[in-house]
Amino acid sequence: MARRRRRPRSFYARHPLEVAPDLIGSVLVHGGRSGRIVEVEAYCGADDPGSHAFRGRTPRTTTMFGPAGHLYVYFSYGLHWCANVVCGAEGEAGAVLLRAVAPVTGIEAMRAARARARRERDLTAGPARLCQAFGVDGSFDGTDLVKAERGLTIVDDGAVAPPAAASTRVGLSSGEDLPWRWYVRGDPNVSGRPR
DNA sequence: ACCGGGATGTTCT
DNA sequence: GAACATCCCGGTG
């Protein structure tokens, strides 16, 4: 069993376009549940028309403008929670959206939390699905992954990261041409298909 | 497999 | 009042 090492603050303090591909293959951990990250998207603050931070700081986006390594959780389409890791220098509002993981441990707990999922690959394929599977909601907004607040963190278990392919991001009406999504090609847990 | 529409409510203009 | 970093279900082929 390889040693699990928490990602340090310096890992997240880089530009989101560097952090995003490096997060592929890392492991998201919450209590007994864990999953290997297979799909992410980078959001680049004021430089990025697709980012919630593009039009400046608002009550909702406050966490994104804070220090790297904290979790930015937002409510989507009136139904779902989605989670990002804040990246880059404080105030730049960079973030990486966690879009999909491959379940590793705690799969029974994930199934219980995702009772509606019919197929196994629907357990954690998609930003809202993975939050539901891991029990992440708005109360986790602002928690520090480096300190593993509330048991939530991201670790490097030493496994060789699978190669990541790049594509445009999913579901945007602005910034839709920027190739800022990374995913493991062929992994069944990846959500939105690249064009 | 692929596609279309409804759910649902916060956020910001 | 419109937009929204989504998901699920039921249709069709």
Side-chain angles (χ1 to χ4, degrees), chain A residues 12 15-17 19-21 23-24 28 35 37-66 68 70-88 92-103 110-142 145 154 164-195:
Chain A
Y12 303 111
H15 194 276
L17 293 178
V19 177
L23 273 174
I24 297 289
L28 179 68
I37 296 170
V38 295
E39 183 187 356
V40 296
E41 286 175 354
Y43 288 87
C44 300
D47 303 327
D48 180 1
S51 171
H52 291 165
F54 184 62
R55 287 176 178 78
R57 182 179 182 143
T58 67
R60 176 176 63 157
T61 60
T62 295
T63 299
M64 255 202 296
F65 286 82
H70 289 237
L71 203 68
Y72 164 54
V73 183
Y74 70 93
F75 197 47
S76 175
Y77 288 93
L79 291 164
H80 310 296
W81 297 102
C82 298
N84 300 249
V85 186
V86 177
C87 295
E92 287 183 356
V96 174
L97 173 65
L98 304 175
R99 287 197 58 92
V101 306
M110 296 184 198
R111 272 200 268 266
R114 295 261 315 125
R116 301 171 64 131
R118 298 167 170 259
R119 300 171 305 184
E120 195 70 12
R121 66 175 181 271
D122 288 336
L123 227 42
T124 54
R129 288 170 177 157
L130 94 79
C131 279
Q132 199 177 8
F134 277 73
V136 170
D137 61 21
S139 69
F140 285 79
D141 182 48
L145 298 177
I154 293 175
S167 81
T168 55
R169 296 174 291 183
V170 174
L172 299 192
S173 56
S174 230
E176 64 269 34
D177 296 329
L178 298 165
W180 289 352
R181 168 177 177 258
W182 286 267
Y183 63 101
V184 178
R185 195 187 294 279
D187 190 295
N189 300 284
V190 168
S191 65
R193 290 286 175 280
R195 299 182 302 188

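Below, read A as the first sequence line, B as the second, and so on, with proteins coming before strands; counting in each chain starts at 1.
The closest side-chain heavy-atom distance from A:Val73 to A:Asp137 is not below 4.5 Å.
Rounded to whole Å, atom P of B:dT11 lies 16 Å from atom CZ of A:Arg57. Rounded to a whole Å, the CZ atom of A:Arg116 is 5 Å from the P atom of C:dC9. Between the CG atom of A:Asp141 and the P atom of B:dT10 there is a distance of 15 Å, rounded to whole Å. Rounded to whole Å, atom P of C:dT6 lies 10 Å from atom CD of A:Glu39. The CZ-C1' distance, from A:Arg169 to C:dC4, rounds to 15 Å in whole Å. Remark: C1' of B:dC2 and CZ of A:Arg119 are 12 Å apart, rounded to the nearest angstrom. If you take CZ of A:Arg60 and C1' of B:dT11, they are 6 Å apart, rounded to a whole angstrom. Computed from coordinates, the A:Glu41 CD to C:dT6 C1' distance equals 12 Å when rounded to whole Å.
Side-chain atoms of A:Arg169 come within 3.5 Å of backbone atoms of A:Ala42 as a donor-acceptor pair (strictly under, hydrogens ignored). Using modelled atom types, one side-chain atom of A:Arg114 and one backbone atom of A:Asp122 make a donor-acceptor pair closer than 3.5 Å. The main-chain N or O of A:Ser191 is found under 3.5 Å from a side-chain atom of A:Glu39 such that the two form a donor-acceptor pair.
Mapped onto DNA chain C by nearest heavy atom, A:Pro127 and A:Ser174 fall at different nucleotides, with A:Ser174 at the one closer to the 5' end.
Side-chain N/O atoms of A:Arg118 include one lying less than 4.0 angstrom from OP1 or OP2 on C:dC9. OP1 and OP2 of C:dC7 both lie 4.0 Å or more from every side-chain N or O belonging to A:His80. Using a 4.0 Å cut-off, some side-chain N or O of A:Arg129 falls inside it from OP1 or OP2 of C:dC8. A:Ser173 has a side-chain polar atom (N or O) that falls below the 4.0 Å cut-off from OP1 or OP2 of C:dC4. Phosphate contact (OP1/OP2 of B:dT11, side-chain N/O of A:Arg55, threshold under 4.0 Å): absent. Applying the 4.0 Å criterion to OP1 and OP2 of C:dC8, one finds that A:Arg114 has a side-chain N or O inside that range.
Stacking of A:Tyr77 onto the six-membered ring of C:dC4 is present: less than 5.5 angstrom between centres, less than 30° between planes. Under the stacking criterion of a centre-to-centre distance below 5.5 angstrom and an interplanar angle below 30°, A:Tyr74 is not stacked against the six-membered ring of C:dA5.
A:Gly126 comes within 4.0 angstrom of the backbone, heavy atoms only, and of no base. Residue-level contact check: A:Asp122 touches neither bases nor backbone, having no heavy atom under 4.0 Å from any strand.
The aromatic rings of A:Phe75 and A:Trp81 lie tilted to each other, with the angle between the two planes from 30° to 60°.
In plain terms, the two heavy atoms of A:Val184 and A:Val190 that are nearest each other are O-CG2, 3.5 Å.
The nucleotide whose nearest atom lies closest to any side-chain atom of A:Leu97 is, among C:dC9, C:dA5, B:dA7, C:dA5. Nearest nucleotide to the side chain of A:Arg121, out of C:dT6, B:dA1, C:dA5: B:dA1.
When both pairing distances are held under 3.5 Å, C:dC4 makes a Watson-Crick or G-U pair with B:dG9.
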